[in-house]
Amino acid sequence: MRFSKTCVPTLRETPSEAEAVSHKLLVRAGYIRQLASGLYIFMPLGWRVMERINAIIREEMALTGAQELLLPLLHPADIWQKTGRWSEIGDEMFRLKDRTGRDMCLGMTHEEIMTWLAAREIRSYRALPQIWYQIQTKLRDEARPKSGILRTREFIMKDSYSFDRDEAGLAQSYRLHEEAYHRIFRRCGLRFYQVESDPGMMGGATAHEFMAPSPAGEDEIALCASCGYSANVELAESVPPEVEFRDWPYEEVHTPGKRTVQEVSEFLGAPPAYFIKSLLYISGEGPLLVLLRGDQELQEKKLQRLVGPCRPARKDEVVEILGVEAGFIGPAGHDVRIVADEALREGVYISGANRTDYHVRGIRPGKDFTAEWTDLHIARSGDGCSRCGAALRVERAIEIGNIFKLGTKYSVPLKANYLDEDGREHPLVMGSYGIGPARIAAAAVEQNNDENGIVWPEEIAPFDVMLLPLQTGSAEVNRVSEEIYGELSGRGIDVFIDDRNERAGVKFKDADLIGIPLQVIVGEKGLRDGLVEIKTRRTGEKKTVKADAAVEEVTRMVRRTARAGHEPG
RNA sequence: CGGGGCGUAGCGCAGUCUGGUUAGCGCACCUGCCUUGGGAGCAGGGGGUCGGUGGUUCGAAUCCACUCGCCCCGACCA
């Protein structure tokens, strides 16, 4: 392809609204343009990257035996009503009416429609298992689109769905996806982790996320380098640092106006870890008291998994329910349900005295109060791994894929059943599996860039080679360039030739910014000795070769990286 | 949805507080000369309803009200 005939609007300056590195670079290098908040246009180079990613996904999905199909993105409401999600999901679903007044929505995901299809077309155990997938646009009216193409309101997703006769079959389909995802992300050149995740509203028990570490990510993951434990911090378990307790006797202390752990800690001269933090929450089943060590934070997702949807109590509710002002709540003497973090099981603590302006020192769990013990705190870097005790590391990461065991959550309400050998009817056991190609692209840029621009991983770069004829006025430069261009193209190598009538400096800058892995530089200077240069974008390394050997050498370099990318994970 | 910031040429910005020439600068764009291995130079040129609406005023990019849009933090996120 020729630069002069392609719309690649590179920018010298960073657009002011861009914050994330990938956003800045993708806009500057002419890959994407924004239409409105959370709505992006993929320019020719950007779309090539997406298509290359999708091609990898298709190849690897084919190896699982999955079949590609395409579903509508405009859905009738009644199917979503049958599974209950029409009412469960709030403003995040785009809703509309057709001309006859029928309620419709734009697909945020396709469990309902896939299950609807399976209900009609799968009858027998003989047809199982099935894996169906599509690469389709999804629409979600995000509360806050952000970071360029990392979180948008309209985005392309590869979503697949497995249908099995039982849990064992589902486990197999799940495993096939795990393996395929590892191959896909590896080929896309990403550093990533597979972590345990919260199944959330998807239902089912098991779920994993694929996370590409990056400061631009929205999630945090806890990792153990020693035993390999890895989980989203929403559910990551950890053992907070141990504390040397003091053998305080039980006594009330006057703490006038000191409410927060921080304030009382300073006032009494005892570190926060010696405190019990008491938080009142309101759940569907009534109030509950949540206890944490003073140096820990509550992970609300963990609490919600235990007690269902809940929220912090208001100040007036605290007084009404516990009979004490917030700030002086203690764990003892209440008849509400009490849940406490594991870290509090042992020790001697200070906590509220359930009396304004007083705290109690010398509280002993088990003796002075009882509770349901569970892991409720937020895992932090440096905490001990709950499996092996080694130090955990917490990193920010971009979610690039997820896999869920759904079970029969959708097949039951949509009556997606099959008949077994004995003619008995059973619901299909399902899984669902997503990948965001645009997030792969963004994560790849986040992880692969330098001060000059993008450094694409080989397999997802828009082209294999960027060819730079430095002097378009020179017949010799043009002749050699066109020859190389033609021969490489003939060998199936994708070449982008910068045939613009620009100065050499402009071409170098744009080539580095755009980030194609190899640059072939054809200039008058080199040609005087019959030489051209091959530059590796990532390392900046340049090698000089005879012009007539360039095609061979480039072919060798491209094939080598391509092979490396295909190695199984 | 709460908090903060910003809307002036394709991009990046100044001017707004303290109203008053023809609204300015850099980059980009067009023409010519010159130059040509890391975003050249000189000369000339095109491009703006100052986000929108309404108000105050002799006079509004500038002051006031409303409104729309975009970004960031948080809440949210099958």
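Naming: A, B, ... by sequence-line order, numbering from 1 per chain.
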*Which of these nucleotides, B:C76, B:G39, B:C71, is closest to any side-chain atom of A:Ser37?*
B:C71
*Taking atom types as modelled and ignoring hydrogens, do the side chains of A:Glu111 and A:Thr109 form a donor-acceptor contact shorter than 3.5 angstrom?*
yes
*Write down the distance separating the C1' atoms in B:C30 and B:G54, rounded off to the nearest Å.*
40 Å
_Set of residues satisfying side chain to side chain contact (heavy atoms under 4.5 Å, CB included) with respect to A:Pro312, sequence neighbours excluded_ = A:Tyr281, A:Glu300
*Under 4.0 angstrom, heavy atoms only, what part of the nucleic acid is A:Asp91 near: base, sugar-phosphate, or nothing?*
nothing
*side chain to side chain donor-acceptor pair (under 3.5 Å) between A:Asn448 and A:Arg538: does it pass, once the steps are laid out?*
CA-CA 9 Å; A:Asn448 301 280; A:Arg538 187 176 297 276; 3.1 Å; yes
*Which letter, B, S or -, goes with each nucleotide of nucleotides 1-15 of chain B from 5' to 3', with contact meaning a protein heavy atom under 4.0 Å?*
B---------BSS--
*asked:* From CZ of A:Arg311 over to C1' of B:G74, roughly how many Å is that when rounded to an integer?
replied: 19 Å
*How far does the P atom of B:A60 sit from the matching atom of B:G20, given to the nearest Å?*
11 Å
*With heavy atoms under 4.0 Å as the rule, sort A:Lys507 into base, sugar-phosphate or nothing.*
nothing
*Once you apply the 3.5 Å cut-off to both distances, tell me the Watson-Crick or G-U wobble partner of B:G7, or none.*
B:C68
*Nearest-angstrom distance from the residue atom CD of A:Gln304 to C1' of B:C76*: 12 Å
*Distance-only donor-acceptor check, side chains A:Ser197 and A:Asn232, under 3.5 Å*: no
*asked:* Taking atom CG as the centre, does A:Asp91 end up with more than 12 heavy-atom neighbours from other residues, nucleotides or ligands that are less than 6.0 angstrom away?
replied: no
*So what does A:Arg28 hit on the nucleic acid, given a heavy-atom distance under 4.0 Å: a base, only sugar-phosphate, or nothing?*
base
*Base of B:G37 paired with side chain of A:Glu524 (donor-acceptor, under 3.5 Å)*: no
*asked:* What's A:Lys542 touching, base or sugar-phosphate or nothing? Going by heavy atoms closer than 4.0 Å.
replied: base
*asked:* What contact category does A:Gly526 fall into here, base, sugar-phosphate, or nothing, at under 4.0 angstrom with non-hydrogen atoms?
replied: base
_Checking A:Ser160 against A:Lys158 for the side chain to side chain donor-acceptor pair (under 3.5 Å) test, could you report, in this order, the C-alpha distance in whole Å, the side-chain angles of both residues, the deciding distance, and whether it holds?_
CA-CA 7 Å; A:Ser160 45; A:Lys158 188 289 301 182; 2.7 Å; yes
*asked:* Please name the nucleotide paired to B:U62 by Watson-Crick or G-U wobble geometry with both distances under 3.5 Å, or report none.
replied: none
*Going by atom types alone, do A:His110 and A:Lys138 pair a side-chain donor with an acceptor below 3.5 Å?*
yes
*Interatomic distance, A:Gln471 CD vs B:G37 C1' [rounded to whole Å]*: 7 Å
*With RNA chain B as reference, determine whether A:Leu527 or A:His23 sits nearer its 5' end, using the nearest nucleotide of each.*
A:Leu527
*asked:* Within the 4.0 Å heavy-atom criterion, would you say A:Asp512 contacts the bases, only the backbone, or no part of the nucleic acid?
replied: base
*Using a cut-off of strictly less than 4.0 Å, decide whether A:Gln34 has a side-chain nitrogen or oxygen near OP1 or OP2 of B:C71.*
yes
*Can you tell me how far P in B:U53 sits from the matching atom in B:U8, rounded to whole Å?*
15 Å
*asked:* What's the gap between B:C27 and B:U67 when it is taken at their C1' atoms, as a whole Å value?
replied: 33 Å
*Can you tell me, in whole Å, how much space there is between the P of B:C42 and that of B:C63?*
37 Å
*Mind calculating the distance between CG (A:Leu470) and P (B:U35) to the nearest angstrom?*
18 Å
*Parallel, tilted or perpendicular: which describes the rings of A:Tyr433 and A:Tyr174, with under 30° parallel and over 60° perpendicular?*
tilted
*Under a 3.5 Å limit for both distances, which nucleotide forms a Watson-Crick or G-U wobble pair with B:A23, could you say?*
none
*Quick one: look up who B:G74 pairs with, Watson-Crick or G-U, both distances under 3.5 Å, and put none if it's unpaired.*
B:C1
*With heavy atoms under 4.0 Å as the rule, sort A:Ala18 into base, sugar-phosphate or nothing.*
nothing
*Could you measure between the two P atoms, the one in B:C64 and the one in B:G19, and give it in whole Å?*
11 Å
_Spacing of the C1' atoms in B:U31 and B:C25 (rounded, Å)_ = 22 Å
*So, A:Gln130 and A:Gln67: side-chain donor and acceptor under 3.5 Å apart, yes or no?*
yes
*asked:* If I take atom NZ in residue A:Lys301 and atom C1' in nucleotide B:C77, what distance separates them, rounded to the nearest angstrom?
replied: 8 Å
*Can you tell me the Watson-Crick or wobble partner of B:C42, both distances under 3.5 angstrom?*
B:G32
*Which value, in whole Å, describes the distance between the P atoms of nucleotides B:G32 and B:G26?*
22 Å
*Assign A:Ser147 to base, sugar-phosphate, or nothing according to its heavy-atom contacts below 4.0 angstrom with the strands shown.*
sugar-phosphate
*Go ahead and name the base partner of B:U56; Watson-Crick or wobble counts if both distances stay under 3.5 Å, otherwise write none.*
none
*Which nucleotide in the list B:C77, B:G37, B:A28 gets nearest to the side chain of A:Arg12?*
B:A28
*How long is the line joining CZ of A:Arg503 and C1' of B:G37, in whole Å?*
10 Å
*Rounded distance (Å) that lies between atom C1' of B:A28 and atom CD of A:Glu502*: 11 Å
*Has the side chain of A:Arg140 got a donor or acceptor atom sitting under 3.5 Å from an opposite partner on the base of B:C76?*
no
*Rounded interatomic separation in angstrom, taking NZ from A:Lys509 and C1' from B:U36*: 17 Å
*Quick one: on RNA chain B, does A:Arg153 or A:Met93 contact a more 5' nucleotide (nearest heavy atom)?*
A:Arg153
*Mind checking what makes side chain to side chain contact (heavy atoms under 4.5 Å, CB included) contact with A:Val21, not counting sequence neighbours?*
A:Leu25, A:Glu446, A:Asn449
